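This report concerns only the one structure given below.
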Amino acid sequence: MLRTVLRRRKKMLTIEDVTVTDRPEVHRAVSAAALGNMMEWFDFGVYAYMAATLGKVFFPSGSSGTQVIAAFATFAAAFVVRPLGGLVFGPLGDRIGRQKVLAATMIMMAVSTFAVGLLPAYATVGVAAPVLLLVCRLVQGFSTGGEYAGATTYIAEYAPDKRRGFLGSWLDFGTFVGYALGSGLVTVLTAVLGTDGLADWGWRLPFLVAGPLGLIGLYMRMRLEETPAFRAEAESEAELAGAEEGRQSGHGRLKEIFTGHWHAVLICMGLVVVYNVTSYVVTSYLPTFMTETLKQNPTTAQLLVLATMILVALTITTVGRRSDTWGRRPMFMAGSAALVALAVPALLLIRAGGVLLPALGCFVLGLLLVVFAGTSAATLPALFPTRMRYGALSVSYNISVSLFGGTTPLVVSALLESTGNEMVPAYYLMGAGVIGFLSAFFLHETAGKPLRGSGPMVETPEQAERLVAHSRTEAGRRARNVWLHLRHPGHRHDEKR
């Protein structure tokens, strides 16, 4: 009788507790989420590659160094409002659903990016031009505050447990494809129009492309269903007394995030630091560093960084698949340690003359970046329970990105301008690597496990049956060991026997 009681102490896993995913629905979810990220980073790629040009168009009165800093300051301004967007869209996504919020952020991103292409230059309206550019960037930043966290949450809640790393990596695949498309378009325009033609009118074209991309992304997101995890959580809350009052209390959710889950928030912020500092150094700062500081040929520099982005895009899903096998924690720890060790050698290669050595330095940084990029989308959502996953991830992610990620080009440019030390980018990367290693050290492994607050997710009914059978076998083995321990205290029992 005691053994029976012991077996029932923990609720037995039943076939109803296991979610069998629908493969076409999963593919639609991944595609729609990745397309939104692609559009976001298309804009970042365009802005980063044209920082010097936009500085001339909107801030013509300063020196070339001052123009670059002013352009990156406007770039960084969007990140100031990202936490506000996270505070609004994150809890909202936990209350009304992920799909609705992701559709709203897509509309805001498309409209604000398209509007940049219509802005008048400083020569036409004076100081109103940079002010209007700033307004557009603020709208972009506000909408982006709910984009990445929502997209990672959406994919994570649709993906089978054993393939979450691989499927999540497609989100950041969209990131780097979007960046490559944006930077590639600027490279082509630079080669065709020249720097004068680009500064005169050609800079508008890449931003205007965002309009059609946004319409396509919105169409795909409007066709999506809500995630199984959110539907299950909503049904569970509806069955509890007073659940509606709890779901309406956004302030209560935010308080719980920082009081009940502060350790997960800190780990999330640390992992975001190492990923985003590496990402923004490579994607946003490196093209300007190579052309403005090292005085390398603009087309050569742009092609090298573009080739690096292609390398990242080609390897990112392989890294995501490996994280399902090797684990998220080892991937982050190894990548962070390698970043500390290789940042200085990589930058020394980039500073060398010619093409081959700078290309090798860029590729080293790209391979370091892909370790974080291919693992993050599966790692970060698993830190938080379903009922507050979108909100907690939005707040944690955007605070970290605002303080350390999006400001990276501005801070590094300012430090280099004030110190004259061309190794500043490497030192900045090393600091991010230390933070990432410490954060990964305290990370609990989640590869192959259900998300917090959700049941197991598998791909086929046969996998569900095997999982339930295995669970019952394990429960019986644990109950037997406890029973034997009570019957024969001090005797060691082999759990696998």
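Keep in mind that what you see is a predicted model, and the values were worked out from it rather than measured.
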Mind checking the [atom1]-[atom2] spacing from [X] to [Y]? Nearest 0.5 Å is all I need.
X	Y	atom1	atom2	result
Asp172	Ser376	CG	OG	6.5 Å
Leu383	Arg389	CG	CZ	9.5 Å
Thr446	Arg452	OG1	CZ	11.0 Å
Phe230	Thr227	CZ	OG1	7.0 Å
Met220	Leu215	CE	CG	13.5 Å
Ile96	Phe89	CD1	CZ	9.5 Å

Of the non-hydrogen atoms in [X] and [Y], which two are nearest, and what is the gap between them?
X	Y	answer
Phe58	Trp203	CZ-CH2, 3.7 Å
Tyr390	Ala149	CE2-C, 4.1 Å
Glu147	Ala33	OE2-O, 4.3 Å
Thr375	Met331	OG1-CB, 3.9 Å
Leu393	Cys268	CD1-SG, 3.7 Å
Gly168	Ala377	O-CB, 3.3 Å

Just wondering, do [Y] and [X] contact through their side chains at under 4.5 Å, heavy atoms?
X	Y	answer
Val395	Phe258	yes
Val46	Leu185	no
Val434	Ser336	no
Glu256	Arg387	yes
Arg137	Ser112	no
Val265	Phe384	yes
Met457	Glu157	no
Met388	Ile257	yes

Does [X] use its side chain to pair, donor to acceptor, with the backbone of [Y] at less than 3.5 Å?
X	Y	result
Asp324	Phe166	yes
Arg204	Leu119	yes
Arg221	Leu102	yes
Ser169	Gly320	no
Arg329	Glu445	no
Ser143	Gln140	yes
Asp94	Gly391	yes

Practice prompt. Determine, step by step, whether Leu181 and Met38 satisfy the side chain to side chain contact (heavy atoms under 4.5 Å, CB included) criterion, reporting the C-alpha distance in whole Å, the side-chain angles of both residues, the deciding distance to 0.1 Å, and the verdict.
Written response: CA-CA 9 Å; Leu181 289 175; Met38 184 185 77; 4.1 Å; yes
Discussion item. Check for me whether Arg98 meets the cation-pi criterion with Tyr154, that is, NZ or CZ under 6.0 Å from the six-membered ring centre and within 45 degrees of the ring axis.
Written reply: no
Worksheet item: How about Thr318 and Arg321: does a side-chain donor come under 3.5 Å of a side-chain acceptor?
Response: no
Item to complete: May I ask you to check whether Thr21 and Glu459 show a side-chain donor-acceptor distance below 3.5 Å?
Response: no
Worksheet item: Taking the six-membered ring for Trp, are Tyr148 and Tyr397 ring centroids under 6.0 Å apart?
Response: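 Yes.
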Practice prompt. Apply the test side chain to side chain contact (heavy atoms under 4.5 Å, CB included) to residues Ile435 and Val274: give CA-CA distance (whole Å), side-chain angles for both, the deciding distance (0.1 Å), then the verdict.
Written response: CA-CA 7 Å; Ile435 294 173; Val274 66; 5.9 Å; no
Worksheet item: Do you know which of Val139, Thr113, Thr144 makes side chain to side chain contact (heavy atoms under 4.5 Å, CB included) with Met108?
Response: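 By the side chain to side chain contact (heavy atoms under 4.5 Å, CB included) criterion, Met108 pairs with just one of Val139, Thr113, Thr144: Val139.
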Discussion item. Please check if the number of heavy atoms outside His27 that lie under 6.0 Å from its NE2 is greater than 12.
Written reply: yes
Practice prompt. With side chain to side chain contact (heavy atoms under 4.5 Å, CB included) as the test, would you mind laying out the steps for Arg82 and Val401 before giving the verdict?
Written response: CA-CA 8 Å; Arg82 281 187 68 158; Val401 170; 3.7 Å; yes
Item to complete: Check the angle between the aromatic planes of Phe372 and Phe332 and answer parallel, tilted or perpendicular using the 30° and 60° thresholds.
Response: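 Parallel.
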Item to complete: For side chain to side chain contact (heavy atoms under 4.5 Å, CB included), just list the numbers for Arg164 and Ser323, CA-CA rounded to whole Å, side-chain angles, deciding distance to a tenth of an Å, and then say yes or no.
Response: CA-CA 9 Å; Arg164 190 173 298 119; Ser323 78; over 6 Å; no
